[in-house]
Each structure stands twice: as C-alpha cells, then as structure tokens.
Chemist: 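Pasting a structure here, questions to come.
Every chain is numbered from 1, with letters handed out A, B, ... down the list of sequences.
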Amino acid sequence: MTDPADLTLGEAAAELRSGSLSARELLDAVTARAANTEAQLHAFLTLDRDGARTAAEAADTAIAAGEDLGPLMGIPIAVKDNMCTRGIETTAGSKILSGYEPPYDATVVSRLRDAGAVIVGKTNLDEFAMGSSTENSAYGPTHNPWDTDRVPGGSSGGSAASVAVGSSIAALGSDTGGSIRQPASLCGIVGAKPTYGLVSRYGLIAFASSLDQIGPFARNVGDTATLLEVVAGFDIRDATSFRGARPDIAGGLTAGVAGVRVGMVKELMGDAIAPPVRAAVQRTIDLLDDAGAEIVEISMPSFDYALSAYYLIAPAECSANLARFDGVRYGLRVDGETTETMMGRSRAAGFGPEVSRRILLGTYALSAGYYDAFYGQAQRVRTLVRRDFAAAYEQADVLVSPTAPSTAFPIGAKTADPLEMYYQDICTIPLNLAGDPGMSVPVALDDDGLPIGFQVMAPALGEKVMFQVGAEVERLVAFDSRPALATSEVTLP
Amino acid sequence: MTDEARVDWEAVIGIETHVELQTASKMFCGCPVSFGAPPNTTVCPVCLGLPGALPVPNEAAIEGILRIGAAFGCELVSYSEFHRKNYFYPDLPKNYQISQYDLPLCVNGSVEIETDESSSTIGITRVHMEEDTGKSLHVGEGGRIADADHSLLDFNRSGVPLVEIVSEPDIRSAAEARAYGSEIQRIVRSLGVSDARLEEGSMRFDANISVRRRGDEEFGTRTEVKNVNSLRSLQGAIAFEIERQVRVLEGGGSVVQETRHWNEATGVTASMRSKEESEDYRYFQEPDLVPLEVDDAWRERIVASLPELPSARRSRYRALGLDMINAGLLVDDAALGSLFDDAVAAGADPAATANRLTGEVVAYTRREGVGVSETALTADHLVELGTMVTEGDLSATAAKDVLAGVLAGEGMPRAVAEQRDLLQISDLGVIEAAVESVLAEHAEAVERMQGGDMKPVGFLVGQVMRATGGKADPKAVSELIRSRASSET
C-alpha cells in the first residue's frame with residue numbers, strides 16, 4: 001500500500017471520502033514524513049502539531065457526519081511563513097519577527113481553514129521572500145530533497161521541498177519574481193503564480209506589493225488548480241483584489257492542446273540557459289507540436305531590461321514595506337539612548353544582509369534627484385514589458401520557456417555574488433512585472449538526476465488555458481520521478 | 001507696531017490646513033473614528049501597521065473631501081492617486097503615511113475672506129486626502145521626544161481620514177490669515193464633514209511666512225510654523241514672524257529657511273532645531289491601492305448636494321439689511337441662522353429678528369450653556385413677537401421680558417405678555433387721562449415748556465410711564481405731552 005504521504009491531493013481526497021483513509025491517518029503519515037526528513041531538509045520553521053491534529057479530527061468528524069467542505073477537507077497543507085497565522089509564530093524568515101504571533105489569519109489561511117484543510121506548519125523562506133535559494137533565511141537554509149547538498153530554490157523553498165518530499169500534500173507560496181515557479185522547478189513539482197489580484201494579499205507580509213502574489217504548489221497540475229480554486233477570489237480587505245467573477249481555472253484540464261497557439265520566447269532560450277534545460281524545454285515544445293499545438297517563435301525585446309527594472313521596483317517598494325519593522329510595536333527591539341538609535345539598532349540587528357541591501361537599493365532609487373533615472377525609468381520598462389506581452393498574446397494563446405536557467409545548484413555556490421543569484425530569476429521576473437499568470441511543470445531530470453521545470457505563461461486571468469497546456473505537458477512528458485528522500489526510510493540518529 | 005503698519009514691507013503667507021473628517025470609520029480600515037476613547041482601543045491590524053495588513057479606502061471620506069473641494073470651487077479631478085510619504089516616527093505605524101502627491105483629488109479653488117479693512121480672494125492650490133498619525137505622549141522634561149524619559153503611544157487617531165487644504169501664498173497679513181482660517185472652519189462645518197475643533201485637534205494649521213519689500217516680485221525666504229491650534233495663535237504666530245523677519249532683514253541679516261515652533265505662553269516662535277536639513281519623503285505611488293476615479297455623475301451629485309455656503313449666506317443676510325456682526329453671528333451658528341431663516345420666511349422683520357437672536361437669545365443660551373435648538377424658541381414665536389411690537393402691543397423693553405418668558409418655555413409671546421401683564425395700553429383715553437393727571441401735578445414743568453424749554457418732556461414721560469406701570473407707549477405719551485404744551489401756548 002502507498003504511504004498516504006505520497007498520495008496526490010486528488011487521490012487523498014478520494015480516499016478520505018471513501019473511508020479507506022482518515023484525515024488523522026493522513027496527517028500522521030505526513031507528520032512521520034516530516035519527522036524523517038526535517039533534519040536533512042529544514043523545510044519548516046514551525047510545525048503546528050496541535051492545530052493540525054485538531055483540524056484533522058474536525059475533518060474526520062465532518063466526514064463522518066456526511067459534510068463535504070470541498071476537495072481540501074482533511075488535506076495537510078503547508079503555508080509559507082510570510083502568511084499570517086493567528087497565534088502561530090510568523091517570522092517571514094527574519095530575526096526581526098522572531099517570536100511574533102499575528103493576531104489575525106491571512107485571507108488565504110482563513111479560506112484554507114473554512115475549506116477544512118489541515119495546516120501542518122509554516123515553511124522556510126528567504127528572509128522576507130528576498131532570494132532564490134532559501135539560503136537567506138535567518139533560521140538556516142532549506143535543502144533540496146533531490147540532493148541535500150543543493151538549494152531547493154527560493155524564496156518559497158520550504159514549501160516546495162515539503163511538497164516534493166511528502167511532509168505536506170500541497171502548499172502555498174508567494175511569488176514576487178519567481179519565488180513559486182523557480183523552487184517548483186528545482187524541486188520537481190508543480191507551482192503556479194496566478195494573475196495579480198486573483199488571490200488576496202491580505203495577511204501576506206509584503207515584499208513588493210505591486211508584484212507579490214500568493215499561489216499553490218502540488219505534485220501535479222490538477223491538484224495545483226484545485227488548491228488555487230479554493231484560495232482565489234475577491235477579498236474586500238485587499239484593494240488590489242480582482243473584483244470580477246473568478247475566472248475558470250480548472251475547466252480545460254483535459255482539453256488537450258490541439259489548435260492552441262504556443263509561443264516560444266526566443267530571449268529565454270539563449271546562452272544564459274543551461275544546455276540540458278534548453279534541450280528538455282525544446283523536447284517538450286516538440287511534444288506539444290506533435291500533440292497538435294501551433295508553435296510560434298516570439299521575440300520579447302524588453303526582457304533584456306526586465307531584470308534591471310525589477311531590481312529597482314521591488315527594492316523601492318520593499319524599502320517602504322519594511323519600514324514598519326522598527327522595534328516600536330512588535331518584533332525585535334535593541335535599546336538605544338534615543339528613539340532613532342533604538343530603531344536603527346533594531347533594524348540593523350534584525351535584518352539580514354540581502355534585506356539590508358535591497359532596502360538601501362530601494363531607498364536610493366526613490367531619493368530626490370535619482371527617482372527619475374532609477375524608479376521612473378524602471379516603471380517605463382515595466383510598461384514596455386506589458387506591451388511586449390500584449391503583442392505576444394495576439395500571436396499566441398500561451399508562452400513557454402524554461403522556468404529557471406539551471407537545475408538546483410549547490411548550497412553556497414551563489415551566495416558570494418548577489419547578481420549571479422539575481423540571474424536565477426531571468427525567466428520568471430517578466431511575468432510579475434506584467435501581472436500575468438505563469439506556472440512551472442516538471443518535465444525531465446538532468447544528468448545529475450535533478451529536475452527541470454517548464455514554464456507556461458498566459459495572459460491576465462488566462463488561468464484556464466495555462467492549466468490546460470500545463471496538464472497536457474504533464475501528460476505528454478509523463479514525469480513521475482520522486483526525490484530519493486521521499487522514498488527512503490531515514491532513521492534519525 | 002503691527003504688521004499692517006509696515007509700509008515698506010509686504011508679508012507673503014500660505015497656509016496648510018489639516019481637517020479630520022468625522023466619518024463613521026477610519027480612512028483605510030473599519031475602526032470607528034472617535035474622540036476621547038481609552039488609548040489604543042479603536043485599533044486593528046491595518047491602523048496599527050501590523051505585518052500583512054492592507055489599506056482599503058473609505059468611500060465616505062472620499063465623498064467628504066470632494067464636498068470640501070467643491071465648496072472651494074475646486075476642479076474635482078477624474079483620476080487621482082495615493083502615494084506613500086516615507087519618514088520614520090514612532091507614532092506613524094508603517095513609517096510611511098498614505099497621502100497624495102502629484103495627483104490630488106481637488107485642485108484650483110478659491111475662498112473669499114473679509115477682514116475689518118479688506119476683502120480678498122485666496123487661491124486654494126489643492127485639497128488632498130491622507131491618513132492621520134497616532135499620538136505620542138512624551139513623559140519627562142520638556143514634553144519633547146528628545147528630552148523624554150519615555151514615550152507613550154496612542155494609535156486611536158492613527159488612520160483617521162485627514163484632509164489637507166493648501167492655500168496659494170495669497171495671504172498678506174496676520175489678520176487675513178486669521179480671517180482665512182476662520183472662513184475655512186466655517187465652510188468645513190457648514191458641510192457637516194467635520195466639527196473642525198481646533199482645541200481638540202480636529203483642525204490644525206501650518207503657516208508658511210516670508211516678507212519682501214513692497215513692489216518686489218520675488219518671494220523672500222520662508223519659515224514654517226507648524227501645528228498651530230487656535231485662530232488667535234495663528235494670527236499671533238504670523239504677526240510675530242513677520243515682525244521678526246523684517247527686523248532680521250532690516251538689520252542686514254537673512255532669514256533662515258526652517259520650521260519654527262509657536263510658544264503660546266511666551267508669544268514667540270523659536271527654531272525647532274530640526275536635524276534633517278531637508279527632508280526627502282521619497283514619495284511613490286501606493287501599490288496597495290488602485291487609482292481613484294471620480295466620474296461625472298459623482299461629481300455632479302457632490303456639487304448639487306452642497307448646502308448654501310457661509311459666504312453666500314453672509315451676502316444674503318447683508319442684502320436683507322443686517323450689519324456685518326449680526327450676519328457673521330448668524331452664519332457661524334447654524335441653528336441660530338436656520339431659526340432666523342424660518343422666521344423671516346414666515347414674515348418676521350429681518351433686522352429686528354436678527355437683533356433679538358444675536359442679543360437676548362445668544363445671551364440667554366450662553367448664560368444657560370445650551371444651544372439655541374435646545375431652547376423652547378421657534379420661528380413662530382419670533383414672528384408673533386415681532387408683530388406685537390410693530391403693532392404697538394408691546395414696548396421694546398416689554399418685548400425683552402416676553403422673549404425671556406418664551407425662552408423659559410412659558411408659551412406663545414401673547415400668552416406670556418398677558419401672563420406677565422406686559423401688554424401696552426392701547427386705549428388712548430386711558431393714556432390721555434394719565435397725561436392730564438401728571439401735567440396737573442407738575443404745573444411749573446408745563447410752564448417751562450410753554451416758555452419754549454422742552455427739557456422737562458423726558459421727565460414727564462417718565463412720570464406717565466410710572467403711573468401706567470410701564471404699559472403706555474412712551475412715544476405716544478411724548479407726543480401727547482408735546483402737543484399739550486404747544487396747544488396751551
């Protein structure tokens with residue numbers, strides 16, 4: 001019999017309903033998996049054992065009473081630690097929020113609870129979601145379950161690693177410049193960044209408000225869509241939340257790609273992409289072609305400037321968003337003779353080097369005399385990126401590319417050079433600037449046995465066609481590898 | 001020497017006025033707007049700036065600012081944005097304030113002001129929306145953050161909708177500045193969007209002041225006096241600054257651009273010694289909010305729903321023959337003004353009614369510590385009282401007594417007059433008899449009158465009034481006495 005921790009969300013939901021598995025048993029399996037893997041992975045910052053047990057028991061009671069709260073009822077879900085959970089420590093991976101227990105649940109967390117989901121814990125991340133390897137966590141890095149000497153990607157590395165290894169069935173992450181898609185790629189699972197505004201940001205500790213978006217991780221495309229369906233939808237508490245009716249998300253999962261116009265982005269298939277990644281992506285495109293898709297090559301000239309623009313806009317917004325962490329009302333406080341010294345010392349002690357770097361960058365970019373040359377110019381590039389996407393979507397229904405330029409790299413390999421780390425996001429960042437949805441689907445392993453992700457991008461609110469193509473990619477490549485750590489029993493010393 | 005007396009110098013003053021809107025809830029969250037609640041009780045994750053909380057704009061506040069803008073004849077723009085104004089201060093929970101920068105909601109308006117000497121038009125550059133900060137209480141010497149032993153923070157005020165009204169530098173004297181501040185207060189109150197109480201901080205002023213030689217085109221270096229919380233202080237601080245700057249310049253010095261603090265007790269301004277030489281607020285568009293769009297229908301509805309504004313009311317009262325003081329008093333007290341309007345509409349004489357309202361009625365309400373709407377007085381009372389006086393049923397003196405009775409709830413004026421036995425004697429025969437009897441008693445006075453000396457008339461009238469218990473019409477009595485004096489010559 002399959003270990004319940006290895007069930008997909010859909011399989012687990014079916015077993016819970018059939019009575020062959022209880023939510024408590026499912027939780028126990030997932031908890032056991034965490035116990036066997038956490039020492040090597042460090043995917044979680046907090047495990048909420050009591051809360052999870054209570055939620056699982058409530059789900060079992062509901063199931064016994066014949067209630068159906070939907071597909072997440074009784075399903076163990078991990079939540080990235082930058083989403084507020086009432087009474088459960090929420091640190092955003094930063095020392096400055098060590099011990100901080102929010103007095104309220106983020107909207108996505110409330111929606112998970114209302115749907116009967118079992119929140120197992122809070123996952124590790126790069127501090128304030130700033131990074132591409134989870135090495136910037138103040139609480140130590142998360143390791144890649146395929147090779148624990150390597151990074152899981154970031155910033156949602158904890159969520160991705162947990163889903164990959166089975167210490168949760170699905171998870172929520174956040175994506176500001178690729179923080180869901182790139183770790184999904186590096187961990188061999190599916191991750192989606194929805195259209196900006198589709199999922200409420202209320203309760204998400206902001207990094208860059210105009211770019212941040214919460215999204216789902218799961219082990220297949222359908223499960224990813226299922227989780228998104230539960231958390232998506234208008235929220236009165238988020239003024240940037242999309243007000244219209246929620247778009248169809250999972251309606252095209254079995255529709256295939258016949259006649260779908262698939263645009264291959266030329267700029268994302270160049271020398272910056274590792275040859276095995278490029279080859280795997282090309283093979284996948286060929287499979288789509290064979291399956292009846294119409295393949296078109298698309299040029300996005302503004303992409304050359306997207307990374308630079310992103311590293312001005314995101315730091316600018318973060319410089320204001322992180323100003324509230326000042327030691328006055330909550331979080332870390334280091335005393336000083338004056339209020340100003342206290343604030344300065346608290347921030348200096350509480351923020352790690354990457355966060356400090358971005359705050360400085362952003363403060364500089366917004367300063368009088370520099371605003372136009374930096375922030376203003378970046379906003380103009382952002383407009384150009386949007387125009388490129390709009391033009392591309394006249395020729396194509398979806399765009400495809402690698403998700404990340406390489407497979408998982410060794411821990412420590414890029415920490416010395418921030419710019420090299422920033423290049424991890426070249427394929428994912430343009431989407432955030434445009435506000436459009438994108439997802440990563442695992443398509444192959446490289447020669448080192450590390451997973452390669454395939455990115456599918458769609459126009460705003462085009463989740464249906466995105467999941468449609470993603471599901472077909474999944475079927476065509478039939479990627480069914482799991483990381484070694486998920487399948488081997490590890491005995492803790 | 002007052003600033004107006006400076007003939008060779010001209011002051012240039014611009015004023016920023018902050019007004020807290022009394023909406024039911026705060027600008028970006030659902031917490032109630034309340035004054036005087038126990039500290040930190042009307043707060044939530046949003047107005048405390050907790051991690052993850054997001055602002056959602058309050059439509060009632062937007063409505064309020066649009067009404068203010070419309071009252072100044074501003075253009076209510078169709079597209080407007082919120083910006084973040086970044087600075088660190090303990091009572092600013094996010095360490096940025098959501099405000100407006102280059103795309104405010106209302107632009108290009110004006111306000112008419114009058115002082116004893118002049119009347120002028122002051123331009124309104126812009127009216128924009130922002131959120132208020134919390135309050136700091138610095139415990140320890142001096143009450144300033146630098147000297148404090150420790151500080152206490154109250155975030156009840158954090159996130160209260162705050163409107164900033166920015167004037168053009170069109171104000172030329174401290175008296176004009178006061179008139180401007182007071183007119184802004186009247187307008188805001190007339191709109192019902194704020195009580196605009198300076199003493200409670202729901203309205204406060206920052207004044208920018210510079211001086212230049214009369215005839216010069218260029219502005220001098222300005223100083224800013226911040227957080228002035230009374231009209232008297234506004235006038236005092238500006239008068240002091242004008243005087244100080246002129247003295248500095250005439251002494252060959254130059255004015256330092258700085259923020260100064262007005263000390264109410266000593267009546268002087270002093271440099272705040274602000275460490276930041278020039279503050280860079282690093283404004284950028286607030287990414288948590290979407291742009292505000294005001295469509296034609298909304299704009300038209302706002303303009304159509306404006307009440308009669310104070311200046312229009314003042315002009316209307318002046319046109320009815322009221323003097324400036326009475327007109328002003330009726331404009332300032334909305335309840336008094338509306339009682340006046342109702343009485344005049346029902347036929348009461350405007351001048352006499354205004355005199356009664358601003359005289360006896362205001363004296364009564366002040367003495368009793370009540371508002372006019374809390375008294376028994378109605379427009380019907382005022383109409384009947386006026387009619388009784390013009391028809392000779394009541395003397396002016398008796399009318400005052402009757403009004404006091406009406407205010408005390410004794411009933412309609414005629415009933416009060418009867419009850420208090422104050423009706424004038426209308427039977428001419430009775431008055432003639434009284435006159436005859438008084439004249440008979442004072443023969444030598446009559447003789448003096450017959451000799452052309454009319455001085456005793458007043459004395460004789462008094463005697464008749466006494467004899468009639470004050471109920472005779474003194475004018476009629478006087479005429480009778482005079483005619484008797486002349487008829488007997």
Chemist: At their closest point, which heavy atom of A:S367 faces which heavy atom of B:D280, and how far apart are they?
Modeler: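 Closest approach of A:S367 to B:D280, heavy atoms only: CA-OD2, 3.4 Å.
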
Chemist: For A:A106, is it the side chain, the backbone, both or neither that has a heavy atom under 4.5 Å from a heavy atom of chain B?
Modeler: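 Interface part for A:A106: neither.
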
Chemist: State the CG-CG distance between A:N321 and B:N95, to the nearest 0.5 angstrom.
Modeler: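 A:N321 CG to B:N95 CG: 12.0 Å, rounded to 0.5 Å.
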
Chemist: Of the backbone (N, CA, C, O) and the side chain (C-beta and beyond), which part of B:P57 lies under 4.5 Å from a heavy atom of chain A, both, or neither?
Modeler: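 Contact with chain A involves the side chain of B:P57 alone.
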
Chemist: Applying the side-chain contact (heavy atoms from CB on, under 4.5 Å) criterion to B:F88, which one of A:M343, A:E340, A:R324 satisfies it?
Modeler: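 Result for side-chain contact (heavy atoms from CB on, under 4.5 Å) with B:F88: A:M343.
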
Chemist: So how far is it from A:S209 OG to B:D288 CG, rounded to the nearest 0.5 Å?
Modeler: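 CG of B:D288 is found 4.0 Å from OG of A:S209.
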
Chemist: Against chain B, label A:Y196 side chain, backbone, both or neither, depending on which of its atoms sit under 4.5 Å from a heavy atom there.
Modeler: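 It is the side chain, since no backbone atom gets that close.
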
Chemist: To the nearest 0.5 angstrom, please state how far the OH atom of A:Y100 sits from the CG atom of B:L50.
Modeler: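 One gets 4.0 Å once the value is rounded to the nearest 0.5 Å.
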
Chemist: Under 6.0 Å from the OH atom of A:Y370, do we count more than 12 heavy atoms belonging to anything else shown?
Modeler: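 For A:Y370, atom OH is not crowded (no more than 12 foreign heavy atoms under 6.0 Å).
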
Chemist: Side chain, backbone, both or neither: which part of A:Y371 has a heavy atom under 4.5 Å from chain B?
Modeler: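 For A:Y371, the side chain is the part near chain B, not the backbone.
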
Chemist: Go through the atoms of A:P102 and report whether side chain, backbone, both or neither lie under 4.5 Å from a heavy atom of chain B.
Modeler: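 Contact with chain B is absent: no heavy atom of A:P102 under 4.5 Å.
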
Chemist: What part of A:A316 gets within 4.5 angstrom of chain B, counting heavy atoms only: side chain, backbone, both, or neither?
Modeler: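 Answer is backbone: N, CA, C or O of A:A316 sit under 4.5 Å from chain B.
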
Chemist: For A:I236, which atoms come within 4.5 Å of any heavy atom of chain B: side chain, backbone, both, or neither?
Modeler: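 Only the backbone of A:I236 comes within 4.5 Å of chain B.
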
Chemist: By a 4.5 Å heavy-atom criterion (distance strictly below it), what part of A:T90 contacts chain B: side chain, backbone, both, or neither?
Modeler: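 Contact with chain B involves no heavy atom of A:T90 at all.
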
